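Quick notes on the structure that follows.
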Amino acid sequence: MCGIVGIFARSYVNQTLFDALTVLQHRGQDAAGIVTCEGNRFFMRKDNGLVNEVFRTRHMKRLMGNLGIGHVRYPTAGSSSSAEAQPFYVNSPYGIALAHNGNLTNAEQLADEIFRADLRHVNTTSDSEVLLNVFAHELQQLGKLNPTPEDIFAAVSKVHQRCQGGYAVVAIITGYGVLAFRDPHGIRPLVYGKRVVNGQVEYMVASESVALDTSGFERVRDITPGEAIFIDSDGGLHLKQCTEQQTLAPCLFEYVYLARPDSIIDGVSVHASRMLMGVRLAEKILRERPNHDIDVVIPIPDTSRTSALELAHTLGVTFREGFIKNRYIGRTFIMPGQTLRKKSVRQKLNPIASEFKDKVVLLVDDSIVRGTTSKQIVEMARDAGARKVYFASAAPEVRFPNVYGIDMPSANELIAHGRTAEEVGEYIGCEWMVYQDLDALKSCVTEINPEITDFDTCVFDGQYVTGTVDRDYLDRLESKRNDDAKKPVENVDTEIDSDTSADLHTRIE
């Protein structure tokens, strides 16, 4: 997963982009990047690190222009090199910068086509650079010196025909405007909003509505599957459906874990859906153990808190905060390296012993992926004096890898793959393990928005909604998703003048 944002404004957008990326930081902690455009010139800054580490005052001063896009990166495969930080840029046609959230499942095939047929060079292993070159080629094929919005939408239509997988995209075309589009299944989220400044309308497109909220933009609606939005250099808004076949099948894991609770995705409040997850899970507990002996429900901060609170309320059991979180440690799920993940759990969470001592404790988490974190947390609960430890997951068993932009490991590294709930409970060391049912999880979203009738549920049931994922692809992906491959390298600070490719200046800091 990654976070993306694109802005058209009437004044410089550097600070607004920075603010938006800051609230999207949960979607990627590996790298961050911004490209702005003033006239026919791009200005770029990208590097490994958090948003507030990558952008200093000296960088912000160089990010001039009233158009811009930004990206926070979470690597889905391959290395953690800053060379793969986004946005990416090509100088032909016109000069295009692009950032992407998701994953193309036919990236290798496309990279070969780009080289052999399109005569284009891809400089990294990133599928985002592949997507950029596909779009650039299709736009160039139109042969227009001054492309219209319809021409740009025609190129997006070709992208949909060639690219497979899940993707949400923001791009700038120098001299023309800001473009954004979403894959035909709507797997990865994308929303747009507007605000009025001094009587003039400005627009923002982002992965989550929280980025709009914090910058004073009013949420208009989600971009529909296969749809594109283009804001021209004069502020004109253009929208078009760019594929004949589309179906809304958002990633169900967005509601479980990825998105911020204060976001609205495809018309669904993430917070409200997580409240329902707690209710549904409590109902399952009451069905399976109506005479349970749970003394206290304790959430594992932070994502599970909403579900745990509603679960406790439905059960009629005391809810307590039992773990104190160190907020200067990142999300362990997206840390590259099992050793780092193990080490960070003890640094990240510390139990309050009085909330555990001599009690039957139900720990609630949003999900269980590798099981390593859960095992250590159960050990912490026991060390703090818990008499019994039960464990509940607000999501079903995560048994299969994700191929649409979430770097879940290979199936064999997932604790629930090939194991029953009882076997998972035995592995993590708890007396009882209970998972949410998949149909119940779906209902937590569809009850809020009945118009959503399908989901990407591949991590739970191995069903890939695009229908283009086979065993060979999964085997190749597994070989790329090892932690050793994610190694940081040099920092890149770039200023780009789109008049000529000779004006590309790169300084290694």
Side-chain angles (χ1 to χ4, degrees), residues 1-8 13-14 16-37 42-51 54-55 59 63 65 67-76 81-90 95-104 107 122-136 139 152 156 159 163 165-174 176-183 187-192 203-208 211 223 228-231 404-405 492 494 496 498:
M1 64 184 179
C2 297
I4 59 174
V5 58
I7 300 175
F8 167 87
V13 295
N14 49 2
T16 308
L17 286 167
F18 177 92
D19 294 341
L21 291 182
T22 300
V23 298
L24 294 175
Q25 186 74 84
H26 61 286
R27 300 190 67 87
Q29 300 169 10
D30 181 68
I34 288 176
V35 170
T36 59
C37 182
F42 279 152
F43 300 89
M44 176 187 290
R45 166 66 181 171
K46 59 181 181 177
D47 194 3
N48 279 359
L50 301 177
V51 175
V54 171
F55 302 103
H59 306 125
L63 293 172
L67 308 176
I69 60 173
H71 185 268
V72 284
R73 179 178 186 263
Y74 160 57
T76 53
S81 164
S82 60
E84 297 196 2
Q86 297 183 41
F88 286 108
Y89 163 82
V90 291
I96 304 171
L98 179 145
H100 159 230
N101 171 33
N103 185 55
L104 302 185
V122 176
N123 199 48
T124 70
T125 60
S126 172
D127 61 332
S128 302
E129 191 183 10
V130 171
L131 195 157
L132 168 59
N133 276 276
V134 170
F135 173 69
L139 193 57
I152 293 168
V156 173
V159 170
C163 295
Y167 50 90
V169 175
V170 290
I172 303 179
I173 306 172
T174 49
Y176 295 98
V178 176
L179 171 70
F181 56 92
R182 194 177 181 190
D183 71 80
I187 297 172
R188 301 266 66 90
L190 195 63
V191 63
Y192 85 95
Y203 294 97
M204 177 189 285
V205 183
S207 293
E208 295 184 33
I223 305 298
I229 176 173
F230 179 67
I231 304 105
Y404 301 125
V492 179
T494 307
I496 302 171
S498 65

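The model shown is predicted, which means the values in this text are computed figures rather than measured ones.
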Would you find a donor on one side and an acceptor on the other, under 3.5 Å apart, between the side chain of Q25 and the backbone of L50? no
Taking the side chain from Q86 and the backbone from H100, do they hold a donor-acceptor pair closer than 3.5 Å? yes
Shortest non-hydrogen contact from A211 to A20? CB-CB, 4.1 Å
Side chain D183, main chain Y167, donor-acceptor under 3.5 Å: yes
Roughly how far apart are E84 CD and R73 CZ, rounded to 0.5 Å? 5.5 Å
Nearest 0.5 Å please: distance from the OG atom of S128 over to the CG atom of N101. 8.5 Å
Here the pair of heavy atoms bringing G166 nearest to I187 is CA-CD1, 4.1 Å
Would you indicate whether the side-chain heavy atoms of L17 and L63 approach each other to under 4.5 Å? no
Would you say the side chain of F135 lies within less than 4.5 Å of the side chain of L179, judging by non-hydrogen atoms? yes
Minimal heavy-atom distance between F230 and Y176, with the atoms involved, is CZ-O, 3.4 Å
Please find the pair of heavy atoms, one from C2 and one from Y74, that lie closest to each other, and give the distance. SG-N, 3.4 Å
Minimum heavy-atom distance A136-V90, with the two atoms named: CB-CG2, 3.9 Å
In terms of ring plane angle, is the pair Y203 and Y192 parallel, tilted or perpendicular, where the classes change at 30° and 60°? tilted
Less than 4.5 Å apart, any side-chain heavy atom of L139 and any of I96? yes
Find out whether F181 and I223 are in side-chain contact, i.e. whether some heavy atom of one side chain is under 4.5 Å from a heavy atom of the other. no
Taking the side chain as everything from C-beta on, heavy atoms only, tell me whether I231 gets closer than 4.5 Å to L67. no
Can you list the steps and then say if H59 with D47 is a side-chain contact (heavy atoms from CB on, under 4.5 Å)? CA-CA 11 Å; H59 306 125; D47 194 3; over 6 Å; no
What's the spacing between N103 CG and S126 OG if we round to 0.5 Å? 9.0 Å
For A107, is there any backbone N or O sitting under 3.5 Å from a side-chain donor or acceptor partner on D127? no
Quick check for you: to the nearest 0.5 Å, what is the distance between R182 atom CZ and L190 atom CG? 6.5 Å
Does a side-chain heavy-atom distance below 4.5 Å link F88 with L98? no
Residue pair I4 / R188, side-chain heavy-atom distance below 4.5 Å: no
Distance, nearest 0.5 Å, that separates CD1 of I69 from CD1 of I7: 11.0 Å
V5 vs L21 side-chain heavy atoms within contact, under 4.5 Å: yes
Taking only residues two or more places apart in sequence, or in another chain, which ones meet E208 in a salt bridge (Lys or Arg N to Asp or Glu O under 4.0 Å)? R27
Could you point out which residue of V54, I34, V35, N14 forms a side-chain contact (heavy atoms from CB on, under 4.5 Å) with R45? V54
Give the minimum heavy-atom separation between V72 and G28, together with the two atoms involved. CB-O, 3.6 Å
